[in-house]
K.L.:
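Here it is, the structure in full.
Throughout, protein chains are lettered first and strands after them, A, B, ... in sequence-line order, and every chain is numbered starting at 1. Keep in mind that this is a model prediction, so the values were computed, not measured.
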Amino acid sequence: MEIPSKYEPQSAEAKWYAYWLEKGFFNSVPDDRPAYTIVIPPPNVTGVLHMGHMLNNTIQDVLIRRARMRGYNACWVPGTDHASIATEAKVVQKLRAEGVKKSDLSREAFLEHAWEWTHKHGGIILEQLKKLGASCDWNRTRFTMDEKYYEAVIDTFIDLYNKGKIYRGERMINWDPAAKTALSDEEVIYKDVQSHLYHLKYQVVGSDAFIVVATTRPETILGDTAVCVNPKDERYKHLHGKKVMVPLVNREVMIIADDYVDMEFGTGCLKVTPAHDMNDFMLGQKYQLEIINMMNDDGTISEAGGMYIGQDRFAVRKQIALDLDAAGLLIKQEAYSNKVGYSERTDVVIEPRLSMQWFVDMKDLSKPALDNVMNDNIKFFPPKFKNSYKHWMENIKDWCISRQLWWGHQIPAYYTEDGHWIVAKSLEEAQEKCKSQYPDYTGGLKQDEDVLDTWFSSWLWPIAVFDGFYREDEVSYYYPTADLVTAPEIMFFWVARMIIAGYEYRGELPFKNVYYTGIVRDKQGRKMSKSLGNSPDPLVLIDQYGADGVRVGMLLSSPAGNDLLFDEGLCEQGRNFANKIWNAFRLVNGWGENTEKAKPRGSALVAVQWMNARLNQVIDQLNDDYDKFRMNEALMNTYKLVWDDFCAWYLEMVKPPYGEKLDEETYAATIEIFEKILTLLHPFMPFLSEEIWQTIRVRQEGESLCLAQWPVAIPADENWLNGFEAFTESVIGIRNIRKDNAIANKEKLVLKVLKQDGDLSVYHTAIEHLGNIEATEMCDEKPAACYSFIVKGREFFIPFTEKFDVTAELKKLGDDLAYTEDFLQKVRVKLTNERFVSNAPQQVLDLERKKEEDAMHKIELLKTQIAALAK
RNA sequence: GGGAGUUUAGCUCAGCUGGUUCAGAGCACCUGCCUUACAAGCAGGGGGUCACUGGUUCGAACCCAGUAACUCCCA
């Protein structure tokens, strides 16, 4: 059977993924093996696969596949998130395109559209993950608005409410005037913008004097209820307790004094607008100031503003500046650059706004979550993220969980017409509670219109995917999960809150390790985004380079927590690697029908011994890399094992001379080694490794590399490892002589070796094989008229050919001599340093002495060679 | 404004407890090869003031202090 010289991924990928699914290798049910669980960070239900998902899910798949091979009951739970703001925005947009406004629809009608959209687009992303080779247990696919999941979210709300951890309060919140919803702090993005600083005149009541206030938002003077100065500020001391006129508005407000004001900023006078600025709100509460809400929920000026009613905030900013100027109240307007909060979802400027919202009291809840990360019960990789986690958790604010949306989990609170509320699981339950709490009330009850923050459902993910709020059988087996792989961007949104929920509802950590991936950027370091158009389509990449190639490309240069500068060249490298393995397979496979019963050749004997020692060494190294979550190093070590050790050395050593057959014993050993290598490769390159594994030996139906045992390392034989180094150096020595003297590889040479202790004779046939040496002669004395090279103190000689150039050879030896003498000099400086000799540990001293000795020996050899040539 | 981090080859990064032949890898680059598994390959090679300035030490890429540049997070 002819095997193509290029690996063709497409057919192998389709074939083996279907096989894996058909045999149910990825499905997990509790049994007596230890569990190893990963829950996927649920992508947005209507999202499409992007490069960040590729990286994230490749890492998870590597971890879960290795765990499966190590005998764990591996369970990777997939699923999607309802993503309330993002999904609702998409549905609204789609309806708008069809000429339907959300406000024209009833809640029920809108939700019908939303479900329709979800069913149409939902799960596309999961299908894409299958192309990548993700070994999820697809029977367990969950959605954050599944019936049971929905119930868990509502029950959690009710539970926290009953525990007094959820309260309703008027707070300054981040308001998105486009989406008309409150946003959490984390959903606000601060951007540098070029704006203006307006200097406004506030006349002191009962005097001709005035003070000047600098502000970037002149329109908010409509809501001013005080002016504040620093009590230490000498410029304004005489004005404490006086009143000023708000310009244009002509309202008299107090001048208050508080440390909060920065004397250096602007004029040192701060206008206070409690309804429209977080810090002003704080001042307002402290000094019992009037709160004037001068803005509507869509960002237009309200009745309370008194003027410009119904006009947009930014239009008013321009107009009021003109009007102030006309009235002589604008002193100056200077260019100013500051940071302004924007909505992550709609990209409009956030408006701080007072409103009634639901909050979770985070103070007590967050304590165990902080402690158990700081004491490493939950480990972060890389650990540097503990710092920012700590900082955030120690300054944690209450969590605003209500969102003015329809798509999501509707808040289970019911209001009476006279403003009381009852938290209950259903209207019926609420009515009953109402009867006992408010026996005289006869009116109806109306459920809160708002839904819960998306993260209020996803923080339950590691528990809820196992229905852990309602039954114990699965959650007690799979929880706590093993590793969580996610982006540092959502450390606070999600990771911290899952830890909080874990301790609150299971009394236990939700996962043992958190591996933070970096952000995938383009070659110029820009974040990949749709709007920049700099993100390749992952499916196109898989098509071009194969899933294995792309997986390798993603992992090659992405240490934990570091951003990955994505370059298609990396996928190409991955594809080339796959092809390299493929060709090793072709070579070995060809030997299968071409063996004979014979003693292994000397070079093959040596090769098998060394390769096994080397394999053991690398397995150890890989396990260590994995333990430390150094995925890219594990991959690179596997890469070098395959390419350098197995292909460049091992296979060349066992390869029979042209036209000859391979002995059966070496063939069997080679297959075993290859199988082990495929096992090590499988987490990274599941398709290619399975394809070869299935062909390299006759397999039974139902067998798969997925289930093969991860090799156990036995201590590597150091002798083989050390001796091999001398061997490779010898071969390289011969190659260099060929290169330097233009001796063709095809030309057979004679190698002469000086008889001495500890020779390399066991490697001689291997050296002959790889160096194309026709005979190795042992000599008692140094032979004349020879090229020579030195390996670890041993001299090798190759008789001159007709191309020999004395001058060149002398120069080379001379350079080498100069270098070695210089080196010796440096070592001796160290060794004659009294303080070094008396302070350095014995080990280091011995090493330096060994260096000295070796260098002296080498110098002697070089000098003799030069003398011989110069004759 | 507050906090954290980074700076080592052209690029991306290792360098773990200060000491393993004057600092390593992969890619890229240069030279020579279509050698019967693989040109998506083989063989060989060049490339570094370890950001800078001081300090500690017998010894510093590594520890300490300062300076500079960049990045991220938070307000």
Side-chain angles (χ1 to χ4, degrees), chain A residues 3-7 185-186 188 190 262 264-265 278-279 339 341 382 384-392 394-395 397 488-489 491-492 518-519 523 525 545 549 556-559 561-567 569-570 572-591 624-625 628 630 632-633 635-637 639-640 643-644 647-648 651-652 655 657-659 731-732 735-736 738-740 742 744-746 770 772 792 819-820 822-827 829-831 833-841 843-848 850-855 858:
Chain A
I3 304 171
S5 72
K6 300 233 186 306
Y7 170 58
D185 291 345
E186 288 77 10
V188 179
Y190 290 87
D262 177 3
E264 307 297 317
F265 183 81
M278 304 273 180
N279 295 309
K339 291 204 167 180
K384 66 174 178 183
F385 287 114
K386 276 168 76 175
N387 287 330
S388 40
Y389 181 82
K390 177 168 183 253
H391 193 252
W392 192 76
E394 283 177 348
N395 297 291
K397 297 202 185 98
E489 303 165 288
M491 179 160 59
F492 308 126
I519 297 165
K523 263 194 275 189
Y545 300 102
L556 266 177
S557 72
S558 67
N562 273 25
D563 288 359
L564 171 133
L565 297 191
F566 182 79
D567 178 354
L570 293 171
E572 200 180 324
Q573 194 183 345
R575 180 200 60 179
N576 294 354
F577 183 45
N579 200 51
K580 183 72 186 176
I581 303 164
W582 181 250
N583 277 289
F585 160 65
R586 286 176 66 216
L587 177 65
V588 172
N589 191 60
W591 293 337
D624 187 53
D625 290 338
K628 293 174 176 152
R630 298 176 167 208
N632 62 325
E633 280 181 43
L635 173 57
M636 188 42 72
N637 283 325
Y639 181 92
K640 286 193 277 198
W643 204 304
D644 300 340
C647 293
L651 289 178
E652 291 301 331
K655 187 193 267 180
Y658 186 62
V731 173
I732 289 167
R735 284 174 183 163
N736 279 332
R738 285 184 186 277
K739 177 101 177 170
D740 292 346
N745 287 327
K746 280 181 190 163
L770 268 70
N772 197 19
K792 294 193 192 297
Y819 170 86
T820 315
D822 186 48
F823 174 72
L824 178 64
Q825 177 69 22
K826 281 179 182 162
V827 174
V829 165
K830 249 188 184 179
L831 283 171
N833 181 340
E834 188 60 37
R835 296 208 286 178
F836 172 72
V837 178
S838 52
N839 283 308
Q843 234 182 323
V844 176
L845 263 178
D846 288 348
L847 195 78
E848 287 303 311
K850 175 93 169 53
K851 285 187 199 171
E852 184 188 29
E853 201 182 309
D854 287 354
K858 188 166 180 189

K.L.:
Consider the side chain of A:A840, meaning its heavy atoms from C-beta on, and name the nucleotide among B:rG19, B:rU21, B:rA40 that approaches it most closely.
P.N.:
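In terms of side-chain proximity for A:A840, the closest of B:rG19, B:rU21, B:rA40 is B:rG19.
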K.L.:
Of the candidate nucleotides B:rA75, B:rG44, B:rG26, which contains the atom at the shortest distance from the side chain of A:R735?
P.N.:
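The answer is B:rG44.
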K.L.:
Got a sec: does the CD of A:E394 have more than 12 other heavy atoms crowding it under 6.0 Å?
P.N.:
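Above 12, so yes.
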K.L.:
CH2 of A:W643 versus P of B:rA43: gap in Å, rounded?
P.N.:
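Whole-Å distance recorded here is 10 Å.
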K.L.:
Counting only side-chain nitrogens and oxygens, does A:K655 get under 4.0 Å of the OP1 or OP2 atom of B:rA37?
P.N.:
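Indeed, a polar side-chain atom of A:K655 lies that close.
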K.L.:
Looking only at side-chain atoms of A:N736, point me to the closest of B:rG45, B:rG19, B:rA14.
P.N.:
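Nearest listed nucleotide: B:rG45.
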K.L.:
Between B:rG19 and B:rU35, how far apart are the two C1' atoms, rounded to whole Å?
P.N.:
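About 45 Å, rounded to a whole number of Å.
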K.L.:
Once you measure the plane-to-plane angle for A:W392 and A:F492, does it fall in the parallel (<30°), tilted (30-60°) or perpendicular (>60°) bin?
P.N.:
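Answer is parallel, since the angle falls under 30°.
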K.L.:
Rounding to an integer number of angstrom, what distance separates B:rG26 and B:rG18 when you compare their C1' atoms?
P.N.:
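Roughly 27 Å separates the two C1' atoms.
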K.L.:
Would you say B:rA40 has OP1 or OP2 under 4.0 Å from some side-chain N or O of A:N583?
P.N.:
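Indeed not, no polar side-chain atom of A:N583 lies that close.
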K.L.:
Applying salt bridge (charged side-chain N to carboxylate O under 4.0 Å, His left out) to A:K628 and A:D624, what does each step give before you reach the verdict?
P.N.:
CA-CA 6 Å; A:K628 293 174 176 152; A:D624 187 53; 3.1 Å; yes
K.L.:
Nearest of B:rG44, B:rC58, B:rC38 to any side-chain atom of A:F836?
P.N.:
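So the nucleotide nearest the side chain must be B:rC58.
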K.L.:
Say you pick atom C1' in B:rA40 and the same atom in B:rU49; how far apart are they, in whole Å?
P.N.:
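It comes out at 39 Å once rounded to the nearest Å.
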K.L.:
With a 3.5 Å cut-off and no angle check, do the side chains of A:N589 and A:R586 form a donor-acceptor pair?
P.N.:
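No pair is found: no donor N or O on one side chain lies under 3.5 Å from an acceptor on the other.
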K.L.:
Answer yes or no: side-chain N or O of A:Q573 and base N or O of B:rA28 forming a donor-acceptor pair under 3.5 Å.
P.N.:
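Under the 3.5 Å cut-off, the side chain and the base do not form any donor-acceptor pair.
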K.L.:
Picking from B:rA43, B:rC13, B:rC38, which would you name as closest to the side chain of A:A648?
P.N.:
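The closest nucleotide is B:rA43.
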K.L.:
State which of B:rG32, B:rU36, B:rA37 makes the closest approach to the side chain of A:K739.
P.N.:
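Comparing B:rG32, B:rU36, B:rA37 against the side chain of A:K739, the answer is B:rG32.
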K.L.:
List in chain and number order the residues that pass salt bridge (charged side-chain N to carboxylate O under 4.0 Å, His left out) with A:K6, two or more places apart in sequence or in another chain; answer none if no residue qualifies.
P.N.:
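Testing A:K6 for salt bridge (charged side-chain N to carboxylate O under 4.0 Å, His left out), a comparison that skips the adjacent residues, returns none.
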K.L.:
Could you work out which one of B:rA37, B:rG15, B:rC58 sits closest to the side chain of A:R630?
P.N.:
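Nearest nucleotide to the side chain: B:rG15.
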K.L.:
Just compare B:rG44, B:rA14, B:rA40 and give me whichever is closest to any side-chain atom of A:R575.
P.N.:
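Ranking B:rG44, B:rA14, B:rA40 by closest atom to the A:R575 side chain puts B:rA40 first.
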K.L.:
Taking the P atom in each of B:rC58 and B:rG2, what is the distance between them to the nearest angstrom?
P.N.:
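Result for the P pair: 39 Å, nearest Å.
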K.L.:
Tell me which nucleotide among B:rG45, B:rG19, B:rA25 gets nearest to the side chain of A:K640.
P.N.:
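Per side-chain heavy atoms of A:K640, the pick is B:rA25.
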K.L.:
What nucleotide, of B:rC38, B:rG41, B:rA75, holds the atom closest to the side chain of A:K397?
P.N.:
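Selected nucleotide: B:rA75.
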